[in-house]
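A short worksheet on the structure shown next.
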Amino acid sequence: MTAIPGPLDATSMRTHLCGRVGTSDVGDSVRVCGWVAKRREHGEHLAFIDLRDHTGIVQCVVPGTVDVRSEYVIAVEGVVRPRPEGTANPELPTGEVELGECTVTVLASAEPPPFAVEDRVDVDETTRLRHRYVDLRRPRMQANLRLRAAVNGALRAAMDRQGFVEVETPLLWAPTPEGAREFVVPSRLHHGSSYVLPQSPQLAKQLLMVAGIDRYYQIARCLRDEDLRADRQFEFSQLDVEASFVNQDDVLAFVSEAVLDAAEAATGQRPGTIETMTWAEAIDRFGTDKPDLRFGMELVDLSPVFEGTGVKAFGAPCVRAIVLRGGATLTRSRLDTLTDRARTLGAKGLAWFRVVEGDDGTAGLDSPLDRFLSDGERSGLLAATAAGPGDLVLVVADEYRVACSVLGQLRVDLAGRPVSEGPYRYAWVVDFPMFDGVDASGNPVAAHHPFTMPHPDDLDRLESDPTSVRSQAYDLVLNGWELGSGSVRIHRGDIQSRVFAVLGITDEEAESRFGFLLGAFRYGAPPHAGFAVGIDRLTAIFAGEDSIREVIAFPKTQSGSDPMTGAPKALAPGTLADLGLRAVPAPARA
RNA sequence: GGACCUGUGGUGCAGCCUGGAGUGCACGCCGGCCUGUCAAGCCGGAGGGCGCGGGUUCAAAUCCCGUCAGGUCCGCCA
């Protein structure tokens, strides 16, 4: 982390920061301010106070008694001196010195905190959030917030250096139904009408391209009213990027530069390169579009082995497997749990084979399905998976996408490590499909968003075989987390019309939903492309955290509430009336 | 909408499976002692009725049902 230069440490109330008092200050009279981290009294002649600020802790020695308690805010004046022989504390960065002959001024008293302001106490998250201002005093949280600031700073510097212009876009936007559920802001001046908070500045930044900004970026708040997870909050921040007269490679280069800079700023080490793989390859090898490249255990295709098989369970278009080294020791109940998990994920079932050493020294299979296998299938399975005695082979037979995704998830369940654990393995995943399945009316669903440019090689199949069409959309992945996504946008009306037609969006619909964008495009739209990087996720990984809540100052709980403020809360009747709203009682629960 | 885990003094946990007086541990808190500690030490003390509501039972923190809150996940997140 970037240290604040020394002279800035001083204010009119202090000369030094606690964690920066060192041997070079010996002999100086100093004044420090902070919170009482610890008090150790040794009778009427000697007391120690550990004083804490955001830089660390310094020991203050008082020749007498002190009238302070934990978390009192105090100012201490004293003389920096080396600690007496044998009393240095190697655990503390300031442990070589102490402030001697201290006088203490209480700036604010404090009740005992609801929990200790130390990293090593593990406190219930509700309690932490209710008293977040205390939680944030802890060194780990201080470091996380400062790391986030450093990441933001590095991203901004990289974008500035590359000629990008920071432009702020509105938080009060127009509803454009599609995609994530939007937060609604009722209008006071137009009863019955509402703004929405943007799920991203997507359309605004495209308009900025039409406006000739050329290269735009913003550290943008995005808001989505969808269920929360460890890596998802209602509101989150993106490095939002858009550039004109560029292709996909240009965008990947811009964003790589920024992300690698941020990594260097956060970790002190600049990653080598970011590898690129196609979406099809990611699915095929790892069963997911956000592959965790820190470990192998890639998917194995057993379809050739079981082509025309008599094993009923394997009578599916695709038979795939993963191998868990040493997994033969998994108990039957553990395997049952895995089977349940596979079903939860959409598989019809899960077949397992323990690889055992037979009497004759050759590898055999231990499985309820083993007796249904032919000799050829048995040896084919072993050969294809390269599994040996002690290993466990898990097989899913289903449609291609289902088999891959289920095994891809099991792979992470079984062998995955916390996302924040090194090494950091970045990947660009490119050539996403243009469409992902079909909706209730049978129309293809846009995989990214409806302004994504189809892959030029596939454009002629847009109408005839839409599901085979690739798009110029791409994701950035780090250790199995999606860090962000982007695409080359459609800037030509004719192609946009064709895509809308395939999506089943009529001209009238398109006009009512995105009319302002399509209208803008009629006035001269440059070819443009962009990206957005999730800053919460990026920072969490650098911070060694597995939940983005740990790098957000005031996050919401999984049910979307804030234990500190009590949000969300009922509005006062007068507020509702101003907005032309009437609250409907919550439906009675059974 | 669904699955699973958790809920016991201020904090963290054990007790629950196999009901028998809230019983215990660590930290913190309050008071006293203590001139070199630093997760200070020693002595003493206060503080909870086991998330909430039902039920079973002679008896419930413990068993059953429901509910609320937190977490992880599925759905959802163009």
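Because only heavy atoms are used, hydrogens play no part in the values below, and waters and symmetry mates are left out as well, while side chains stay in. So that the names make sense, note that chain A is the first sequence line, chain B the second, and so on, each numbered from 1.
- Looking at A:E44, its side chain has no donor and acceptor atom pair within 3.5 Å of the base of B:rU35.
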field: Audit row: A:S487, A:R489, side chain to side chain donor-acceptor pair (under 3.5 Å) steps and yes/no
entry: CA-CA 6 Å; A:S487 63; A:R489 328 295 184 186; 2.7 Å; yes

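- Checking B:rU11, B:rC76, B:rC38 against every side-chain atom of A:T87, the shortest atom distance belongs to B:rC38.
- Checked against B:rC77, B:rC74, B:rA40, the side chain of A:R229 finds its nearest nucleotide in B:rC74.
- A side-chain N or O of A:Y216 and one of A:D240 form a donor-acceptor pair less than 3.5 Å apart.
- Remark: the A:Q558 side chain and the A:R549 side chain contain no N/O donor-acceptor pair separated by less than 3.5 Å.
- Taking every side-chain heavy atom of A:R83 into account, B:rU37 is the closest of B:rC76, B:rG12, B:rU37.
- The side chain of A:A180 has B:rC77 as its nearest neighbour among B:rC73, B:rU37, B:rC77.
- Picking from B:rC76, B:rU72, B:rG70 the nucleotide with the shortest atom distance to the side chain of A:E125 gives B:rG70.
- Of the candidate nucleotides B:rC77, B:rU72, B:rU37, B:rU72 has the atom lying nearest to any side-chain atom of A:A230.
- When each of A:E91 and A:T557 is assigned the nucleotide of RNA chain B with its nearest heavy atom, A:E91 is the one assigned upstream, toward the 5' end.
- In this model, no side-chain donor or acceptor of A:R40 finds a partner on the base of B:rC34 within 3.5 Å.
- You won't find any donor-acceptor pair under 3.5 Å spanning the side chain of A:R343 and the base of B:rG2, going by distance alone.
- Between the side chain of A:D124 and the base of B:rG7, no donor-acceptor pair under 3.5 Å is found.
- If you check distances only, the side chain of A:R224 never reaches the base of B:rC77 with a donor-acceptor pair under 3.5 Å.
- The closest side-chain donor-acceptor pair between A:N144 and A:E545 falls under 3.5 angstrom.
- A donor-acceptor contact closer than 3.5 angstrom is absent between the side chains of A:T176 and A:R513.
- Relative to the side chain of A:F115, the nucleotides B:rU35, B:rU11, B:rA40 differ in distance, and B:rU11 lies closest.
- No hydrogens or angles were tested; on distance alone, nothing pairs the side chain of A:E118 with the base of B:rG28 as donor and acceptor under 3.5 Å.
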